[in-house]
Amino acid sequence: MNSPANITDPLVLFMPSGKRGRFPVGTPVLDAARQLGVYVESVCGGRATCGRCQIEVQEGNFAKHKIVSSNEHISAKGPKEERYERVRGLPEGRRLSCSATIQGDLVIDVPQDTVINAQVVRKAAVDRHIERNPAIQLCYVEVDEPDMHKPLGDLDRLKAMLEKDWGWKDLLIAPHLIPQVQGILRKGNWGVTAAIHRDTDSSRPFIIGLWPDLKNEAYGIACDIGSTTIAMHLVSLLSGRIVASSGTSNPQIRFGEDLMSRVSYVMMNPDGREAMTKAVREAVNTLIGKVCEEGGVDRHDILDSVFVANPIMHHLFLGIDPTELGQAPFALAVSGALQYWAHDIDIEINLGGRVYLLPCIAGHVGADAAGATLSEGPYRQDKMMLLVDVGTNAEIVLGNNKRVVAASSPTGPAFEGAEISSGQRAAPGAIERVRIDPETLEPKYRVIGVDKWSDEEGFEEDAKATGVTGICGSAIIEVVAEMYLSGVISEDGVVDGSLAERSTRIIQNGRTFSYLLRDGEPRITVTQNDVRAIQLAKAALYAGVKLLMEKQGVETVDTIRFAGAFGSFIDPKYAMVLGLIPDCDLSEVKAVGNAAGTGALMALLNRGHRREIEKEVGRIEKIETALEPNFQQLFIDAMALPNKVDPFPKLAEQVKLPPRKVLAEETTGDGAPRRRSREERAARRRG
Ligand code: FES
């Protein structure tokens, strides 16, 4: 035990946490870290054999902290550390904090090997460090051999040693391990490594794994179960390193493209819920196999897992009937965070492996939105942040450190290319970028898999391999926005038939007009109905956002985060021209990739983040858009481009918005506008 520090003792600052304190000369650096609550991994319990406790001394004059730090202020390597270096090797500048002692003022860097740079979606959007404090700890102990005079059982002596060396009190043990304890202790010649799981500080710790000798690696998975895609990271729990990342499509698609059709499937088929639960669990298990193969990891070395999902996926994954989520009041069976044994929900990892699910925010705002919220942290900052995750249901979170509100909006599948005549998922051959010349109304475009724009020489040759097959979600946003900017459509979204006189790109389709994007096989057009589908989707999203802005009492937002694959592909400028998102400095609009998955990873590597999001979700105010009386009016205003009533001054600084023109949607056949009767208009709205 070290004597209490006094004012003349060396000052030690740990980075990146910034925690500092004074410690008597001779204190092991690991002990100092522990006393300050700085997480430094240790498996061997200071025996200098696991190498997990590495730190680095930062040399220099840190005037702000009044510390002059130098390698002279840490003890020289002793025999144990030298042996470790000889046998296992230590990177230049690294020291074992269990062996190195404090000799003077120090700035200590705890290397954070976690760098999230693994996006399952195309664009790498997040690079960040996650401070580790996992729910699993590996603890090596040397257990006393049995003694006829002290008839304490082998397991009891193991527990006693885990308390003595590691401070674990009141340990429980996973039942499947009890019959194995004696064999493992003898196999390890009384030296064993126990995996201890403790999530909350008040919960009793559990021995969930036991291995003979020193076990120096343990893994976890962070998984986002989306309606169309399941994405997973495999991570070392001891270093925080992402070992592999992968994704697969959700096999539930065969039961229904969107969430509501899957709820209907459950309602219509007696075995529907069971079949979908089985399908999603099998897909998760297959994906575990895939990331393990990629990372060269045995799936039985996975000891912890964190899942996020939208409410319906969350329920189906857990085997809960989601029928209640299909109708008002959209009651969740459970909204709080959940803990499981992996084998209880058929997840094939270590038999003692654990599962943690983030809490759901509301009936339509799930644990995935909670994950994205944890990742982006609107509640951690002063700025008013808008966080949107666009899928068939847009999840919207708006707030800052004072107050956070959340809602969902039924955008439908238009943004994913469904309901669009030439729409398709993002794949080689899909048009992904579009520009329209406002003078000639001639388009140029780019397709996935081909570098050249369509007006560049050699494009047709290069595109032969992929073909030009349709328009993907990001391009649908662009093409409609470009049609508006070039005057092809009015602010009400009506294709201007009078332009047919000067451009063969405007073609008549019965009573409405279309824009011809590509003549050929297949012929790719943007029809009046396509524009309407996009308007409906974007109006639903914007009205939801606007409702939250009204709740917050703000006219503008300071910063916008687009989560999800869709958000990574769209150009913020076009999203704003369309009025998908409110006016904002374009430099403040960022795509953050799979933020829900990043949130899951944070909760996997640091149980403090679990408490953080559990607390925040409790404070987030949930708004049910369907119950808000002015949602309808906001929706109607948002049908216009960019919006009937809201100004877009910041956007106007960077983009020349066209003058207003109002057109009737249909013609009488000779090009003259045809007015619809009030009944027709009402029927269209209903239909
Ligand atoms: Fe294992 Fe330092 S704690 S080497």
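Ligands are counted one by one from 1 in listed order, and the atoms in each one are counted from 1 as well. Keep in mind it's a predicted model, so treat the numbers as computed, not measured. Position 1 is the first residue of the sequence, and the numbers go up from there.
Nearest heavy atom pair, residue Ala596 against residue Val308, reads O-CG2, 3.6 Å.
Asn250 and Thr229 share no donor-acceptor pair across their side chains, judged by distance under 3.5 Å alone. For the 3.5 Å distance criterion, the side chains of Thr559 and Arg561 qualify, holding a donor opposite an acceptor.
Under the 4.5 Å side-chain criterion, counting only non-hydrogen atoms from C-beta, Arg132 is not in contact with Val235.
A heavy-atom cutoff of 4.0 Å around ligand 1 is satisfied by the protein residues Ser42, Cys44, Gly46, Ala48, Thr49, Cys50, Gly51, Cys53, Cys98.
With sequence neighbours excluded, the residues satisfying ring-ring contact (aromatic ring centres under 6.0 Å, His included) with Phe206 are Trp341.
A ring-centre distance under 6.0 Å is found for Phe307 and Phe317.
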